[in-house]
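Order of the sequence lines sets the chain letters (A, B, ...), proteins ahead of strands, with each chain counted from 1. As the structure is a computational prediction, the values presented were derived from the model and not from experiment.
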Amino acid sequence: MLKIATWNVNSLRVRLEHVLAWLKEHQPDVLALQETKVTDDKFPVDEFIALGYQVTFSGQPTYNGVALLSKEPLSTIDNVLPGMEDDPQKRFLAGTYEDIRIINVYVPNGAVVNSNKYLYKLKWLEALYKYAIIQNAVYDKAIIVGDFNIAPKDADVHDPEEWVDKILVSPAERDALESLHNLGFIDTYRQFEQEENSFSWWDYRAASFRRNRGLRIDLILTNQILSTFCKQCHIDVEPRRLEKPSDHAPVWAYFEE
DNA sequence: ATGGTCGTCTAACGA
């Protein structure tokens, strides 16, 4: 059995105690983090080693930053997305865990549809698509996890009418996600029956969490072979209820032969 | 209460 999780922590240093407590309780084999917002020299390595986790990270000052925590070491680590070599933003980290290729992404937010940041988001997603083609060809089992900053379907949006054509739901973004689906990378969450109005992110503003005005943008995509081993996928909203929470909840998937 | 927050290189910016 294997449990793989993803969590946008919105500053690892602020959220460290939440992450450590969550690891102790849930014991994932791998936890992918986004928005660590910590440089590599300041990454809290020792705290995770003490819990029995290996750490792999790619950070920068102030923004972005991704990491993989794993019970066993990763091999064949990539921290540059091919096609985005000149991009200073640290949003990508891949490694192999046992026989599973794990790709951790913090997809650009995109700000406003048709803005420069939006075009950057689409370019980044195109590079991810090309990378996914290759990884899917090389590895039998592959998984893409992270903050996609895309709500796949209207069922993943608290008020679809309010959000029509807005960032995180616009057609071009959803098409980019659909092209990953066409490679065989399916949205593991929807392999199973789930409660309605299940979201993974709630804006800090306007009491969004209390009113459950959220979006499901933190996703676990598995390729065709790995998806046959997936037995469960769950969003854990409990950490969102804590004092000084991340605006995102962790999501995990459980695999069994 | 029809609301307006966080986190970061404390000052705007990004989400």
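The neighbour count for D41(A) CG, taken as heavy atoms of other residues, nucleotides or ligands under 6.0 Å away, is above 12. In the displayed structure, Q224(A) atom CD is contacted under 6.0 Å by at most 12 heavy atoms of other residues, nucleotides or ligands.
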Between protein and nucleic acid, restricted to nucleotides 11-13 of chain B and to nitrogen or oxygen atoms under 3.5 Å apart, what atom pairs and distances do you find?
none

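Between S11(A) and dT8(B), a side-chain N or O to OP1/OP2 separation shorter than 4.0 Å is present. Taking 4.0 angstrom as the limit, R15(A) places a side-chain polar atom (N or O) nearer than this to OP1 or OP2 of dG7(B). The phosphate of dG14(B) has neither OP1 nor OP2 within less than 4.0 Å of any side-chain N or O from R205(A). Using a 4.0 Å cut-off, some side-chain N or O of K244(A) falls inside it from OP1 or OP2 of dG7(B).
Across residues 145-155 of chain A, not one residue has a non-hydrogen atom less than 4.0 Å from an atom of DNA chain B.
With sequence neighbours excluded, no residue forms a salt bridge (Lys or Arg N to Asp or Glu O under 4.0 Å) with D40(A). Evaluation of the salt bridge (Lys or Arg N to Asp or Glu O under 4.0 Å) rule for R210(A) yields no partner, not counting sequence neighbours. Contacts of D159(A) classified as salt bridge (Lys or Arg N to Asp or Glu O under 4.0 Å), with partners at least two apart in sequence or in another chain: none.
With respect to the salt-bridge test (charged N to carboxylate O, under 4.0 angstrom), the residues E126(A) and K123(A) do not qualify.
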Under the side-chain contact (heavy atoms from CB on, under 4.5 Å) criterion, do I134(A) and V138(A) qualify, and how do the steps go? CA-CA 6 Å; I134(A) 294 167; V138(A) 171; 4.2 Å; yes
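For R211(A), whose side chain is taken as the heavy atoms from C-beta onward, the closest listed nucleotide among dG7(B), dG3(B), dA15(B) is dG3(B). With dC9(B), dA15(B), dG7(B) as the choices, the nucleotide that has an atom nearest any side-chain atom of T62(A) turns out to be dC9(B).
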Output side-chain donor-acceptor pairs under 3.5 Å for residues 149-158 of chain A, partner residues at least two apart or in another chain, one line each.
from	atom 1	to	atom 2	distance (Å)
N149(A)	ND2	V107(A)	O	2.8
D154(A)	OD1	R174(A)	NH1	3.1
D154(A)	OD1	R174(A)	NH2	3.3
D156(A)	OD1	R190(A)	NH2	2.6
D156(A)	OD1	R216(A)	NE	2.8
D156(A)	OD1	R216(A)	NH2	3.1
D156(A)	OD2	K153(A)	N	2.9
D156(A)	OD2	R216(A)	NH2	3.4
H158(A)	NE2	W163(A)	NE1	3.0

